[in-house]
Q: 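What follows is a structure written as structure tokens; I'll ask about it next.
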Amino acid sequence: MGEPRHFLDLDRFDTSTLRGMLKIGLAYKRRQPPDGNAKPLAGKTLAMIFEKPSTRTRVSFEVAVRQLGGDAIMLTDTSTQLGRGESVADTARVLSRYVDAILLRTTSQARLLEMARHATVPVINGLTDSTHPCQVMADVMTYEEHRGPIGGKIVAWSGDGNNMAGTWIQAAARFDFDLRLACPDQLTPRPEILNWARGEGARISITDDPLKAVTGADCVVTDTWVSMDNESDSPRSSREKRHNLLAPFRVDARLMSSAKPDAVFMHCLPAHRGEEVTADVIDGKQSIVWDEAENRLHAQKGILTWCMA
Ligand code: CP
Ligand code: NVA
């Protein structure tokens, strides 16, 4: 038996496989199921393990699986023996005997990789400290629905070099857009992800000047100043420190006006109005965040079908 069809990170796929998933997701969105098969997951079950909170990932995966004819079981670390110290490896081995795929949102990339190493069914990355690939698949789908092919476009990131930034970097290599990151020196993205992407020929620049990154961009992206990982392991003073470091990277109307006139604003949500983005931007005409949230459902149908059907 070959390796299960895991969906761990964008760097593991070639462009055409990722494009294939998006195409399937869009086909379901348009109610034109590939091969006329509306229920490719009939009889299949997805276990969803959340070691951190979630609204979008949890609900969109559960709804996607059900609409494709399958079933989803929601598990939290505290409601399972994982919370009492049973290993990820043993959990992977056992769940693989019951279900057809495992979605994991976890505190560390190492736990995701351990799950994948020991599972004999596909494992899907529902967010780690390092990446969030399901979100960026939806983001690419959303950008392209609004503005056409993302290849050759300029995407600007202003904020923390966090897990979302990590996957945008991988996406720059796979979807061939220019990525300009503006991050404080203390909060730059993981060097191993950057090095990988540059090795793939991705066009990525980093600055600590948001105006430089955003000027002339086609798409402006940001994310929270305090990710779930930062909450669990840092005292209040560290939260304040992050706010101070990141305040100059807030996406406000002035910064947004330096992008192209038809630039879009994206944010994976949850958002904090007045922190990483002002209300006039996220609730304004250039914001496409609600379509972005909706497309989690559609993009994930492509991912689920590729992994499980
Ligand atoms: N964007 C995102 O993954 O949201 P949730 O944390 O609500 O799943
Ligand atoms: N960077 C955020 C993304 C939430 C979807 C976090 O990890 O909390």
Q: More than 12 foreign heavy atoms under 6.0 Å from CG of Asp35: is that the case here?
A: no
Q: Given Ser60, which partner from the list Gln300, Lys301, Arg296 fulfils the side chain to side chain donor-acceptor pair (under 3.5 Å) test?
A: Gln300
Q: What residues, two or more places apart in sequence or in another chain, satisfy side-chain contact (heavy atoms from CB on, under 4.5 Å) together with Ala171?
A: Leu10, Val136, Phe175, Phe177
Q: Scan Thr107, Thr128, Thr106, Asp229 and name whichever one has a side chain to side chain donor-acceptor pair (under 3.5 Å) with Lys52.
A: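 Running side chain to side chain donor-acceptor pair (under 3.5 Å) over Thr107, Thr128, Thr106, Asp229 with Lys52 returns exactly one hit, Asp229.
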Q: Among the clusters formed by ILVMFWY side chains lying less than 4.5 Å apart, do Trp168 and Val251 turn up in the same one?
A: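 The answer is no; the residues belong to distinct hydrophobic clusters.
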Q: Using distance alone, with no hydrogens and no angle criterion, decide if Thr224 and Glu276 have a side-chain donor and acceptor under 3.5 Å apart.
A: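 Side chains of Thr224 and Glu276: no pair found under 3.5 Å.
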Q: Is there side-chain contact between Gln135 and Leu127, with heavy atoms separated by less than 4.5 Å?
A: no
Q: For residues 36-50, which side-chain N or O atoms pair as donor and acceptor with protein atoms under 3.5 Å away, sequence neighbours left out?
A:
| from | atom 1 | to | atom 2 | distance (Å) |
| --- | --- | --- | --- | --- |
| Asn37 | OD1 | Lys39 | N | 3.2 |
| Lys39 | NZ | Gln67 | O | 3.3 |
| Lys44 | NZ | Met308 | O | 2.9 |

Q: Do the side-chain N and O atoms of Asp209 and Thr207 include a donor-acceptor pair separated by under 3.5 angstrom?
A: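 There is no such pair (donor and acceptor under 3.5 Å, judged by atom type) between the side chains of Asp209 and Thr207.
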Q: Is it the case that Asp139 and Thr142 place a side-chain donor and acceptor less than 3.5 Å from each other?
A: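 Per modelled atom types, Asp139 and Thr142 side chains form no pair under 3.5 Å.
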Q: Using modelled atom types only, decide if a donor and an acceptor are shared between the side chain of Asn295 and the backbone of His298 within a distance under 3.5 Å.
A: no
Q: Keeping Asp77 on the side-chain end and Leu82 on the backbone end, is there a donor-acceptor pair under 3.5 Å?
A: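 Side chain of Asp77 to backbone of Leu82, a donor-acceptor pair under 3.5 Å: no, none is there.
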Q: Flag yes if more than 12 heavy atoms outside Arg93 fall under 6.0 Å of its CZ atom; otherwise flag no.
A: yes
Q: Quick one: are Met115 and His118 in side-chain contact, heavy atoms under 4.5 Å?
A: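 A side-chain contact is absent here, since even the closest heavy-atom pair is not under 4.5 Å.
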Q: Cut-off 3.5 Å, side chains only: do Asp9 and Thr131 have a donor facing an acceptor?
A: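 Distance-only check passes for Asp9 and Thr131.
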Q: Taking atom types as modelled and ignoring hydrogens, do the side chains of Asn230 and Arg242 form a donor-acceptor contact shorter than 3.5 angstrom?
A: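 Side-chain D/A pair, Asn230 to Arg242: present.
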Q: Among Ile154, Asp178, Val264, exactly one meets side chain to side chain contact (heavy atoms under 4.5 Å, CB included) together with Asp218. Which residue is that?
A: Ile154
Q: In this structure, would Met266 and Val220 fall into the same cluster of hydrophobic residues linked by side-chain contacts under 4.5 Å?
A: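 Different clusters: Met266 never reaches Val220 through Ile, Leu, Val, Met, Phe, Trp or Tyr contacts under 4.5 Å.
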Q: For Ile169 and Leu179, what are the C-alpha separation, side-chain angles and deciding distance, and is it a side chain to side chain contact (heavy atoms under 4.5 Å, CB included)?
A: CA-CA 7 Å; Ile169 291 167; Leu179 180 63; 3.7 Å; yes
Q: Is there a path of hydrophobic side-chain contacts, each under 4.5 Å between heavy atoms of I, L, V, M, F, W or Y residues, that connects Ile288 with Trp290?
A: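 Not linked; separate clusters.
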Q: So, Asp129 versus Asn163: side-chain donor-acceptor pair below 3.5 Å or not?
A: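 Side-chain D/A pair, Asp129 to Asn163: absent.
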Q: Examine distances only and state if a side-chain atom of Asn125 and a backbone atom of Leu8 form a donor-acceptor pair shorter than 3.5 Å.
A: yes
Q: Nearest 0.5 Å, please: how far is SG in Cys307 from CD1 in Ile124?
A: 4.0 Å
Q: Using modelled atom types only, decide if a donor and an acceptor are shared between the side chain of Arg180 and the backbone of Thr215 within a distance under 3.5 Å.
A: yes
Q: Set out, in order, the CA-CA distance, both residues' side-chain angles and the distance that settles side chain to side chain contact (heavy atoms under 4.5 Å, CB included) for Tyr143 and Val155, then state yes or no.
A: CA-CA 10 Å; Tyr143 180 85; Val155 176; over 6 Å; no
Q: Checking Arg190 against Leu194 for the side chain to side chain contact (heavy atoms under 4.5 Å, CB included) test, could you report, in this order, the C-alpha distance in whole Å, the side-chain angles of both residues, the deciding distance, and whether it holds?
A: CA-CA 7 Å; Arg190 288 166 192 262; Leu194 273 171; over 6 Å; no
Q: Tracing side-chain links under 4.5 Å among I, L, V, M, F, W and Y, which residues wind up in one group with Val59?
A: Val63, Leu297
Q: Determine yes or no for a side-chain-to-main-chain donor-acceptor pair under 3.5 angstrom, with Thr167 supplying the side chain and Met164 the backbone.
A: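 Such a contact is absent between Thr167 side chain and Met164 backbone.
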Q: Could you go through Val277 and His267, starting from their C-alpha distance and side-chain angles, then the distance that decides it, and tell me whether this counts as side chain to side chain contact (heavy atoms under 4.5 Å, CB included)?
A: CA-CA 9 Å; Val277 61; His267 188 311; 4.2 Å; yes
Q: Is there a side-chain contact between Pro270 and Arg56 in this structure, where contact means two heavy atoms from C-beta onward sitting under 4.5 Å apart?
A: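 Touching, per the 4.5 Å side-chain cut-off.
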Q: Hey, is Arg203 close enough to Asp176 for a salt bridge, meaning N to O under 4.0 Å?
A: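 Between Asp176 and Arg203 there is a salt bridge, with a charged N closer than 4.0 Å to a carboxylate O.
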Q: Between Met21 and Met137, is there a side-chain heavy-atom distance shorter than 4.5 Å?
A: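 Yes - at least one pair of side-chain heavy atoms lies under 4.5 Å apart.
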Q: Do Leu245 and Leu181 share a hydrophobic cluster, counting only Ile, Leu, Val, Met, Phe, Trp and Tyr and linking them when any side-chain heavy atoms are less than 4.5 Å apart?
A: no
Q: Are Met256 and Trp157 connected into the same hydrophobic cluster when the rule is that any two of I, L, V, M, F, W, Y join if their side-chain heavy atoms are below 4.5 Å apart?
A: no
